Amino acid sequence: MPVTTVNHEILAVDGGTPVRKTLLPYGRQSVGEDDIQAVVDVLRSDWLTTGPKVGEFEEAFAAWVGAKHAVSFSSGTAALHGAAFAAGLRPGDEAITTPMTFAATANCVLYQGATPVFADVSADTLNLDPEKAAAKITARTRAILAVDYAGHPADLDAILELADRNGMTVIEDASHALGAEYRNRRVGSIAHMTVFSFHPVKHLATGEGGMVTTNRADYAEALRRFRNHGISSDARQRQAEGQWHYEMVLLGFNYRLTDIACALGLSQLKKLEANLARRREIAARYATAFRDLAGVARPAVRAEVNPAWHLYPVRLNLEKLSADRAQIFRALRGENIGVSVHYIPVHRHPYYRDRFGYRGGEYPIAEDAYERLISLPMFHGMSDQDVEDVIAATRKVVLHFAK
Ligand SMILES: Cc1ncc(COP(=O)(O)O)c(C=O)c1O
């Protein structure tokens with residue numbers, strides 16, 4: 001029989017015993033001895049940066065996601081900047097994106113002197129709604145930046161169709177979605193450019209790091225130059241060719257990923273398949289465990305996708321609870337469950353409010369979701385006991401506040 005009665009256990013925030021003795025974070029990297037050895041080997045080699053590991057990692061990564069080209073960057077943010085540059089964004093242009101993301105997605109448009117224009121999200125996935133995006137197109141729109149929120153691919157067919165009809169570039173921010181599948185294809189070669197992040201809480205960790213994948217050689221060339229000062233060949237190539245000559249052909253940055261990081265990335269790539277499987281297993285366990293909890297809505301999964309589960313964001317059915325998100329958040333933290341919130345909609349940050357005059361209420365679906373969202377711990381290194389602790393604490397707190 002489903003447990004839907006009010007729970008009388010005393011919450012840890014009210015002086016009860018916490019479900020766990022120690023805090024479980026919402027995300028954490030897994031680094032094994034094989035990863036450490038791969039990094040040590042590079043430290044003993046001739047090349048700490050611009051060496052052979054960079055190309056090896058890029059080739060292996062491109063093959064894994066099924067793209068023709070992969071260009072590494074020093075972070076996901078730098079990779080987004082590179083993609084915004086390669087898409088040709090410049091002052092006067094607009095790029096349509098989602099407010100339900102980390103600020104870096106929109107910031108990369110600003111780095112290029114262009115204007116991010118937000119469009120609201122679909123209520124089920126919290127991904128950019130193609131119809132809302134279509135309504136924001138003007139003569140200045142040059143790109144659409146879709147985000148695979150929590151690891152659930154964006155509505156890529158509809159977005160690509162919209163972009164193709166209007167001559168625009170689609171950049172997919174797949175920072176959450178390495179290994180996610182859309183119509184049985186891994187993300188990475190579906191959009192014109194796809195961006196990944198290798199921050200420690202992601203599926204593959206290099207400390208800091210990022211990648212842009214694309215099937216277009218011209219984008220790949222622009223990305224390579226942009227991440228290396230706008231120079232047309234790198235140090236290793238020059239040495240191989242015995243040349244001193246180089247040319248700076250555009251204004252670029254030093255956004256290179258080191259050989260140290262690439263060696264770690266290569267080593268982590270070997271375990272990606274298994275790590276994804278573990279995340280999917282945890283998501284399935286959560287989905288079953290919360291099926292009867294009226295106070296909580298589980299993340300939706302559309303039929304055409306297989307998410308990568310970077311996050312497990314539940315939405316509170318506040319109408320069925322006698323507490324708000326802040327109280328439930330605090331109660332879960334009290335149980336030593338390291339919950340988080342993804343995201344404060346980008347247009348609600350002071351910088352965006354002050355610069356663009358947002359007052360709130362512009363994107364009602366994203367804003368309503370924000371009031372309800374709580375990200376439960378989700379990382380491939382979670383033990384079965386960790387997963388059961390999250391379930392026990394969530395049930396304890398949500399049932400305690402059930403109306
Ligand atoms: C959706 C999204 N885009 C971009 C980024 C930026 O990636 P990085 O931290 O590697 O710069 C993040 C990082 O968390 C992200 O979640």
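Predicted model, so just to flag it, every value in this text is computed and none were measured. Both counts, for ligands and for their atoms, begin at 1 and track the order of listing.
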> When you check the side-chain N and O atoms of R227 and S74, is any donor under 3.5 Å from an acceptor?
Replying inline: no

>> Students should be able to answer this: which protein heavy-atom is nearest to atom 12 (C) of ligand 1, and at what distance?
In response: F102 CD2, 3.7 Å

>> Counting non-hydrogen protein atoms only, what is the nearest one to atom 14 (O) of ligand 1? Give residue, atom name and distance.
In response: K202 NZ, 2.8 Å

> Can you tell me which residue and heavy atom of the protein come closest to atom 11 (O) of ligand 1, and the distance to 0.1 Å?
Replying inline: T77 OG1, 2.5 Å

> Strictly by modelled atom types, are H81 and Q112 linked by a side-chain donor-acceptor pair under 3.5 Å?
Replying inline: yes

> Does F196 come within less than 4.0 angstrom of ligand 1, counting non-hydrogen atoms of the residue?
Replying inline: no

> Can you tell me the protein heavy atom closest to atom 3 (N) of ligand 1 and the distance?
Replying inline: D173 OD2, 2.7 Å

> If every non-hydrogen atom of L80 is compared with every non-hydrogen atom of L145, which pair is closest and at what distance?
Replying inline: CD2-CD2, 4.0 Å

>> Residue-level breakdown please: for Y343 versus ligand 1, do any non-hydrogen atoms fall below 4.0 Å on the side chain, on the backbone, on both, or on neither?
In response: side chain

> Would you say ligand 1 has an N or O under 3.5 Å from any N or O of H176?
Replying inline: yes

>> Out of all atoms in ligand 1, which are within 4.0 Å of some heavy atom of G76? Include the element for each.
In response: 7 (O), 8 (P), 10 (O), 11 (O)

> Under a heavy-atom criterion of less than 4.0 Å, does A78 contact ligand 1?
Replying inline: no

> Under a 4.0 Å heavy-atom limit, does L80 contact ligand 1 with its side chain, its backbone, both, or neither?
Replying inline: side chain

> Which atoms of ligand 1 have any heavy atom of G209 under 4.0 Å away?
Replying inline: 10 (O)

> Out of curiosity, H192 NE2 to N215 CG, how far, rounded to the nearest 0.5 Å?
Replying inline: 10.0 Å

> Out of N127, D124, L126, which residue meets the side-chain contact (heavy atoms from CB on, under 4.5 Å) rule with H152?
Replying inline: N127

> Quick one: nearest non-hydrogen protein atom to atom 4 (C) of ligand 1, plus distance?
Replying inline: S175 OG, 3.4 Å

>> So if I count the atoms of ligand 1 from 1 in the order they appear, which ones are less than 4.0 Å from some heavy atom of S75?
In response: 10 (O), 11 (O)

>> Please determine whether a side-chain nitrogen of the Lys or Arg among D35 and K271 lies less than 4.0 Å from a carboxylate oxygen of the Asp or Glu.
In response: yes

> What are the atoms of ligand 1, with element, lying closer than 4.0 Å to any heavy atom of S197?
Replying inline: 7 (O), 8 (P), 10 (O)

> For S197 and H199, which heavy atoms make the closest approach, and how far apart are they?
Replying inline: OG-N, 3.3 Å

> Which atom pair, heavy atoms only, marks the closest approach of E362 to R359?
Replying inline: OE2-N, 2.8 Å

